[in-house]
There are 2 protein chains.
Amino acid sequence: MKEKKYQLIANEIKKRILNETYKANELMPEQGKLAKEFGVSKITIKKALDGLARAGLIYKKSGLGTYVLGQTLKMGKLDSPANAFDGLYHQQGKEHIKSKVILFEPEFPSAHVAQKLNITTTELVYNIKRLRIIDGMPFILEHTYMPVSIVPKLPLESIKSSIYSYIHDELNLKFGGAFRKIHSDWSNQDDVKYLETNLKVPMLEVEQVVWLANGKYVEYSKSRNVFNTRAITVVDINNF
Amino acid sequence: MKEKKYQLIANEIKKRILNETYKANELMPEQGKLAKEFGVSKITIKKALDGLARAGLIYKKSGLGTYVLGQTLKMGKLDSPANAFDGLYHQQGKEHIKSKVILFEPEFPSAHVAQKLNITTTELVYNIKRLRIIDGMPFILEHTYMPVSIVPKLPLESIKSSIYSYIHDELNLKFGGAFRKIHSDWSNQDDVKYLETNLKVPMLEVEQVVWLANGKYVEYSKSRNVFNTRAITVVDINNF
DNA sequence: AAGTGGTCTAGACCACTGC
DNA sequence: CAGTGGTCTAGACCACTTA
């Protein structure tokens, strides 16, 4: 799998921003210089920078130059970016995260779940409940439905660690995108049971549908956190 | 202000998707055909489609074609997309929304606010509290800080309707992007007072920093909703 | 093998900024 | 005016999917 030039360049520039070769609120080298340095055309540099701009790392001003953007809403250690497909396991590091499998069963989906996954009610799905534990603390209660047809042999080992890694690295499938709906709710019996909290406490719930690059829906899930343990962060860049 | 070709094309294709000329889960005309139809080069079509793909309307599969994506996580009527700069006023329509101005004062920002807005504590900001009311129902309690230097003459009329429209249409400034942090919390005294709810109820809070296309920070705000009145939706497309 | 989308180029021209 | 980023093109070539 050959890395694309614009991807390589974007990664290199990102590295330079993170190690402060290019400092926050300062001008970066102009596109022409970068094109020369990397030995590519101007438009390829632009593509790399466009990606970084969308990720909220830089901004460009026509007639002036490209600036490094100072990140002002810092993420807490346990916050999750809403724009990411690497999963908790990678965000937090595998030394810190454990998963307890509460439920792992095949079943025929309800009409509701089938509709979310764009399948019929006769196509089997896995019904998976996991408690994600970070540094020994119960953290997220995840309830996931996944079509069996897409992940026919889901190893228990992956469920305990990272289903996303299995899909990405072992099955070599690429994620396409996700719709997420974030809202707030009262804690329920399950939350109390697994997240070591009380009844009638605020919860943060993320409901999501995830699809692969080949257009197939791979997951419908709800993740619940106790209110004061996690926030979701979103970067939203105007235009394209 | 001349519209760009890829923007015009993206809008036209979006229209066709919405009026179901191109139907969900079906193939769209290939890029070559579209290029011919609109009389532009293939790469311009691609740019238009890339934008639509990032907005979650379509997905493309190399070797196959471009599909219209069926939206499976429907937004509720009062939900807000996290990816949008048009503001509530436009999302809900001005017939339905009213704003009650609770506080509107200039002040020197606290160190915290100054840091978020990337200014010094000697640069004046507006301290604005608004209650947004939809169809007579108290809906969102907004607390906003805005540098006076960017909006020197903010008309009270705009605060009552749409500050975003004023910035965009009257001042002709373009939004650049936003960082948002979404979390859950207990309701507090202010929530009870203005949102007609009880104490100790779950709330959804969106904390955000918004900057303009010229890189200047224009807003630091916190918006609070009662838990069962609104959700935030996010579309997250892998890669660029 | 044919057809799709994706990458990349060189270069023309435009739009915006500051001097 | 010079210098920046943005748009757009024609066309070469690659990667992927289906047959």
Side-chain angles (χ1 to χ4, degrees), chain A residues 1-11 13 22 26-54 57-69 171-174 176-177 212-216 237-240, chain B residues 1-11 13 22 26-54 57-69 171-174 176-177 212-216 237-240:
Chain A
M1 181 104 155
K2 209 180 135 205
E3 282 286 346
K4 290 134 205 168
K5 283 192 191 175
Y6 70 83
Q7 191 61 263
L8 288 169
I9 292 168
N11 289 339
I13 292 176
Y22 304 146
E26 286 187 9
L27 272 171
M28 286 186 24
E30 61 260 37
Q31 298 186 359
K33 283 233 176 62
L34 289 171
K36 217 169 199 173
E37 183 199 329
F38 289 104
V40 299
S41 83
K42 180 186 149 191
I43 216 170
T44 301
I45 290 290
K46 186 178 179 302
K47 204 170 176 184
L49 293 180
D50 282 350
L52 295 174
R54 274 196 297 277
L57 285 165
I58 60 175
Y59 70 90
K60 294 170 287 177
K61 204 178 164 187
S62 187
L64 271 182
T66 304
Y67 291 81
V68 177
L69 199 53
L171 299 183
N172 269 311
L173 295 171
K174 233 185 109 202
L212 297 171
N214 65 17
K216 286 190 182 127
I237 304 298
N238 197 15
N239 231 340
F240 39 104
Chain B
M1 181 107 154
K2 208 180 135 207
E3 282 286 347
K4 288 134 207 168
K5 283 192 191 175
Y6 70 83
Q7 190 61 263
L8 288 169
I9 293 168
N11 289 339
I13 293 176
Y22 305 145
E26 286 187 9
L27 271 171
M28 285 186 24
E30 59 260 36
Q31 299 186 0
K33 282 232 177 61
L34 289 171
K36 218 169 200 172
E37 182 198 331
F38 289 103
V40 298
S41 83
K42 180 185 149 192
I43 217 171
T44 301
I45 290 290
K46 188 179 178 302
K47 204 171 176 184
L49 294 180
D50 282 350
L52 295 173
R54 273 197 299 277
L57 285 165
I58 60 175
Y59 69 91
K60 293 171 288 178
K61 203 177 163 187
S62 187
L64 269 181
T66 305
Y67 291 81
V68 177
L69 200 51
L171 299 183
N172 269 311
L173 295 171
K174 233 185 108 201
L212 297 171
N214 65 15
K216 287 191 182 126
I237 305 298
N238 199 14
N239 232 338
F240 43 101

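Chain letters run A, B, ... following the sequence lines, proteins first and then strands; every chain starts at 1.
Between Ser41(A) and dT9(C), a side-chain N or O to OP1/OP2 separation shorter than 4.0 Å is present. For dG5(D), the OP1/OP2 oxygens have a side-chain nitrogen or oxygen of Thr66(A) closer than 4.0 Å. Within the structure, every side-chain polar atom (N or O) of Tyr6(A) is placed at least 4.0 Å from both OP1 and OP2 of dC8(C). Residue Lys4(B) places no side-chain N or O under 4.0 Å from the OP1 or OP2 atom of dC14(C). OP1 or OP2 of dG6(D) has at least one side-chain nitrogen or oxygen of Gln31(A) nearer than 4.0 Å. An OP1 or OP2 oxygen of dT4(D) is reached within less than 4.0 angstrom by no side-chain nitrogen or oxygen of Lys33(A).
Between the side chain of Lys61(B) and the base of dG6(C) there is no donor-acceptor pair of N/O atoms closer than 3.5 Å. In this model, no side-chain donor or acceptor of Lys47(B) finds a partner on the base of dG6(D) within 3.5 Å.
Here dC16(C) presents its P atom at 20 Å from CD of Glu30(A), a figure rounded to the nearest Å. Between the P atom of dG6(D) and the CG atom of Leu34(A) lies a distance of 12 Å, rounded to the nearest Å. The separation between Lys60(B) atom NZ and dT17(D) atom P is 15 Å, rounded to whole Å. Between Lys46(A) atom NZ and dG11(C) atom C1' there is a gap of 16 Å when expressed in whole angstrom units. dA15(D) atom P lies 16 Å from atom CD of Gln7(A), rounded to whole Å. Distance OH (Tyr67(B)) to C1' (dC16(D)): 13 Å, rounded to an integer number of Å. When rounded to the nearest whole Å, the span between CG of Leu8(B) and P of dC8(D) equals 9 Å. Atoms CG (Asp50(B)) and P (dG5(C)) sit 12 Å apart, rounded to a whole Å.
Contact annotation for Leu49(B): no contact, since no heavy-atom pair falls under 4.0 Å across all strands. At the heavy-atom level, Lys5(B) lies under 4.0 Å from the strands shown only through sugar-phosphate atoms.
The side chain of Thr44(B) lies closest to dC8(D), out of dC8(D), dA15(D), dT18(D).
Closest heavy-atom contact between Pro29(A) and Leu34(A): O-CD1, 3.7 Å. In terms of heavy-atom proximity, Ile58(B) sits nearest to Leu49(B) at CD1-O, 3.5 Å.
Contact check on Lys46(B) versus Asp50(B) returns a salt bridge, with a Lys/Arg side-chain nitrogen under 4.0 Å from an Asp/Glu carboxylate oxygen.
A heavy-atom distance below 4.5 Å is not found between the side chains of Lys5(A) and Lys47(A). You'll find the side chain of Val68(A) stays beyond 4.5 Å of the side chain of Leu57(A), heavy atoms only.
Residues Ile43(B) and Gly63(A) each lie close to DNA chain D; by heavy-atom proximity, the contact nearer the 5' end of the strand is made by Gly63(A).
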